[in-house]
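Notes for the one structure printed next.
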Amino acid sequence: MVWDGTNSAAGYTPFTPVWTAASGSPAIGSGGVLSMRYNVQPGNLVTVDFYMLLGTTGLNIGTGTWTFTVPIPALNNPTSNIARGNIWFRDVSASLDYPTGFVILPTASTLNIRGLSGTGTSTLLGSTAPVVPAAGDWISGQFTYEAA
């Protein structure tokens, strides 16, 4: 089951991430959703559910790679701050799913999503990767990281 970004479960706190692109000002568009919910677990582990549905009118995907803020800054220690989980990008028009990974940039408290392009190469998610995102495409998943 894919979290639809609109409900919350007991113990989770809603969070609206800030979405940025390398250039331009991205906008989710009418009917779009961009949300996270998070839960802090023992040991300062933060579990995050992420959902983004690209809307229609007013959609602007910006240019270049995307970043998203995380609800709680990550621990700035590369040996212990290894994020775990899964995020999927769904290209609705082509009926294709792209598995992705992610990198949390601790000093900036932002998330970069790394995915496989249509040619199988690894690239940061953005305005042209893994494909050119369009209305109706979505990204969803869950990941865990250690809080600062």
Side-chain angles (χ1 to χ4, degrees), residues 1-22 26-56 59 61-62 64-118 120-148:
M1 181 174 133
V2 174
W3 177 55
D4 68 3
T6 61
N7 60 0
S8 192
Y12 277 83
T13 303
F15 175 76
T16 302
V18 175
W19 173 30
T20 58
I28 201 70
S30 296
V33 177
L34 176 58
S35 63
M36 290 183 184
R37 64 181 184 182
Y38 69 98
N39 182 319
V40 181
Q41 302 167 20
N44 284 334
L45 291 179
V46 180
T47 297
V48 177
D49 288 334
F50 177 89
Y51 182 72
M52 179 180 192
L53 169 67
L54 297 177
T56 56
L59 173 63
I61 59 172
T65 58
W66 297 343
T67 59
F68 303 89
T69 55
V70 293
I72 296 174
L75 182 66
N76 191 5
N77 182 344
T79 60
S80 65
N81 187 32
I82 301 171
R84 294 169 179 86
N86 295 299
I87 296 178
W88 290 87
F89 175 89
R90 175 72 172 173
D91 179 357
V92 173
S93 64
S95 296
L96 292 174
D97 292 319
Y98 295 89
T100 65
F102 42 86
V103 178
I104 296 176
L105 306 173
T107 55
S109 297
T110 57
L111 168 74
N112 282 77
I113 301 174
R114 179 172 289 282
L116 294 175
S117 70
T121 57
S122 177
T123 185
L124 289 174
L125 190 68
S127 62
T128 61
V131 296
V132 175
D137 292 349
W138 55 261
I139 305 164
S140 181
Q142 184 180 70
F143 58 93
T144 300
Y145 64 95
E146 188 174 357

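These figures come from a predicted structure and were not determined experimentally. Numbering of residues begins at 1 and proceeds along the displayed sequence.
Shown here for A21 and P26, the closest heavy-atom pair between the two residues is N-CG, 3.7 Å. Counting all heavy atoms, side chain and backbone alike, P71 lies closest to M36 at CD-SD, 3.9 Å. A74 and S109 make their closest contact through N-OG, 4.5 Å (heavy atoms, listed as atom of the first residue, atom of the second, distance). When every heavy atom of P17 is checked against every heavy atom of S35, the shortest pair comes out as CD-CA, 3.9 Å. Closest non-hydrogen pair, A135 versus T56, comes out as CB-CG2, 4.0 Å.
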**Q.** Stepwise side chain to side chain contact (heavy atoms under 4.5 Å, CB included) check, I113 with F50
**A.** CA-CA 11 Å; I113 301 174; F50 177 89; 4.2 Å; yes

Q) Should F68 and L34 be marked as a side chain to side chain contact (heavy atoms under 4.5 Å, CB included) after you check the CA-CA gap, both sets of side-chain angles, and the distance that decides it? A) CA-CA 10 Å; F68 303 89; L34 176 58; 4.1 Å; yes

Q. Going through the checks in order, is the side chain to side chain contact (heavy atoms under 4.5 Å, CB included) test met by W66 and I139?
A. CA-CA 12 Å; W66 297 343; I139 305 164; 4.0 Å; yes

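Side-chain contact between V92 and W138 is present, with at least one heavy-atom pair separated by less than 4.5 Å. At a threshold of 4.5 Å between non-hydrogen side-chain atoms, the residues Y38 and V70 do not count as touching. Using a 4.5 Å heavy-atom cutoff, the side chains of T144 and V48 are not in contact. Side-chain contact between I72 and F15 is absent, with no heavy-atom pair separated by less than 4.5 Å. Taking 4.5 Å as the limit, every side-chain heavy atom of W88 sits out of range of all side-chain heavy atoms of S140. Side-chain contact between V132 and I61: present, with at least one pair of heavy atoms (C-beta onward) separated by less than 4.5 Å. Proximity of L125 to Y98: side-chain heavy atoms (C-beta onward) are nowhere separated by under 4.5 Å.
Side-chain atoms of D49 and Q142 include a donor-acceptor pair closer than 3.5 Å.
Here the OG1 atom belonging to T100 is positioned 5.0 Å from the CD1 atom belonging to I87, to the nearest 0.5 angstrom. Rounding to the nearest 0.5 Å gives a distance of 7.5 Å between OG1 of T13 and CG of N39. In this structure, the separation between CG on L59 and CG on D137 is 9.0 Å, given to the nearest 0.5 Å.
A donor-acceptor pair is defined here as one N or O able to donate and one able to accept, closer than 3.5 Å; no such pair exists between the side chain of S30 and the backbone of G55.
Among residues two or more places apart in sequence or in another chain, the side chain to side chain donor-acceptor pair (under 3.5 Å) test is passed with D91 by S93. Legend: residues meeting side chain to side chain donor-acceptor pair (under 3.5 Å) with S95, ordered by chain and number and at least two apart, are absent.
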